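The structure appears below as structure tokens.
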Amino acid sequence: MTINLQTVNFNAKDGLEEYVEKKLSKLDQYYDKIIAAQVYLKVENISEKENKTVDIKLEVPGDDIVVKKTGQSFEECIDLSVDTLKKLIIRKKEKVGDR
């Protein structure tokens, strides 16, 4: 799986990129047909504390899987996104298996 990381309105620190790759690489154990992941990290210009947004698009055969989460830190958003992606991947795999 190839991972493309884009940041909007800020520069990512080194550890953040590795964190994203480590978390997303775990998804391969649930579904081996993942082609690529597009990851967009954004800082919204609002006064609220929850101004970090993570948008992940997994390219898989058939329909792509898209998850968007907002929170106080990118790590929190990435964790929530990966948990949601894991559930969606398992559901997609079960649907494909039923055919």
Side-chain angles (χ1 to χ4, degrees):
M1 164 175 47
T2 57
I3 299 172
N4 297 327
L5 182 71
Q6 291 185 337
T7 58
V8 181
N9 298 335
F10 79 105
N11 293 325
K13 56 186 180 195
D14 295 338
L16 191 58
E17 197 170 323
E18 293 168 11
Y19 188 79
V20 170
E21 290 179 12
K22 185 177 104 179
K23 289 291 186 176
L24 287 178
S25 65
K26 291 181 180 178
L27 294 176
D28 279 335
Q29 68 188 16
Y30 298 102
Y31 194 56
D32 57 357
K33 293 183 172 71
I34 300 172
I35 300 163
Q38 308 291 334
V39 182
Y40 301 97
L41 305 176
K42 298 180 204 164
V43 176
E44 304 291 337
N45 290 331
I46 54 176
S47 59
E48 296 176 31
K49 287 183 179 174
E50 294 195 357
N51 65 341
K52 315 270 189 313
T53 303
V54 174
D55 204 348
I56 302 176
K57 176 180 165 191
L58 278 188
E59 297 175 12
V60 293
D63 295 330
D64 292 345
I65 301 172
V66 180
V67 172
K68 184 174 187 177
K69 298 287 180 188
T70 303
Q72 292 183 0
S73 72
F74 285 116
E75 289 82 1
E76 173 192 351
C77 297
I78 291 165
D79 290 344
L80 290 171
S81 297
V82 170
D83 287 344
T84 304
L85 284 169
K86 185 168 46 171
K87 291 173 189 166
L88 292 171
I89 286 170
I90 291 169
R91 195 177 307 152
K92 180 178 183 65
K93 194 173 179 181
E94 287 171 354
K95 280 185 182 177
V96 171
D98 290 344
R99 292 183 186 167

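Nothing here was measured: the structure is a model prediction, and the numbers come from that model. Numbering of residues begins at 1 and proceeds along the displayed sequence.
Annotation: salt bridge (Lys or Arg N to Asp or Glu O under 4.0 Å) contacts of K52 (sequence neighbours excluded): none.
For the side-chain contact (heavy atoms from CB on, under 4.5 Å) with F74, the qualifying choice from D79, V43, V20 is V43, the only one to do so. Screening D55, N4, T7 for a side-chain contact (heavy atoms from CB on, under 4.5 Å) involving Y40 leaves a single residue, D55.
Hydrophobic cluster membership differs between I56 and I35, with clusters built from Ile, Leu, Val, Met, Phe, Trp and Tyr side chains linked at under 4.5 angstrom. Hydrophobic clustering, with ILVMFWY side chains joined whenever heavy atoms are under 4.5 angstrom apart, keeps L80 apart from L16. Taken together through direct or relayed side-chain contacts under 4.5 Å among Ile, Leu, Val, Met, Phe, Trp and Tyr, V8 and Y19 form parts of separate hydrophobic clusters.
Residue I90 holds its CD1 atom at 14.0 Å from NZ of K92, rounded to the nearest 0.5 Å. For the atom pair CG (L58) and CD1 (I89), the distance works out to 5.0 Å, reported to the nearest 0.5 Å. Note that CD of E21 is 9.5 Å distant from CE of M1, once rounded to the nearest 0.5 Å. Distance check, rounded to the nearest 0.5 Å: CG of L27 to CG of L88 gives 10.5 Å.
Around atom CD of E17, no more than 12 heavy atoms belonging to other residues, nucleotides or ligands sit under 6.0 Å away.
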For a quick test of your reading: what N or O donor-acceptor pairs under 3.5 Å do the side chains of residues 59-73 make, sequence neighbours left out?
residue: E59; atom: OE2; partner: Q38; partner atom: NE2; Å: 3.1
residue: T70; atom: OG1; partner: T53; partner atom: OG1; Å: 3.4
residue: S73; atom: OG; partner: E76; partner atom: N; Å: 3.1

Report the C-alpha separation of L41 and Q6 in whole Å, then their side-chain angles, then the decisive distance to 0.1 Å, and conclude whether the side chain to side chain contact (heavy atoms under 4.5 Å, CB included) test is met.
CA-CA 6 Å; L41 305 176; Q6 291 185 337; over 6 Å; no
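In this structure a side-chain-to-backbone donor-acceptor pair under 3.5 Å is missing from K42 to V54.
In terms of heavy-atom proximity, K93 sits nearest to Y30 at NZ-O, 3.0 Å.
By the 4.5 Å heavy-atom criterion applied to side chains, I78 and V39 are not counted as neighbours.
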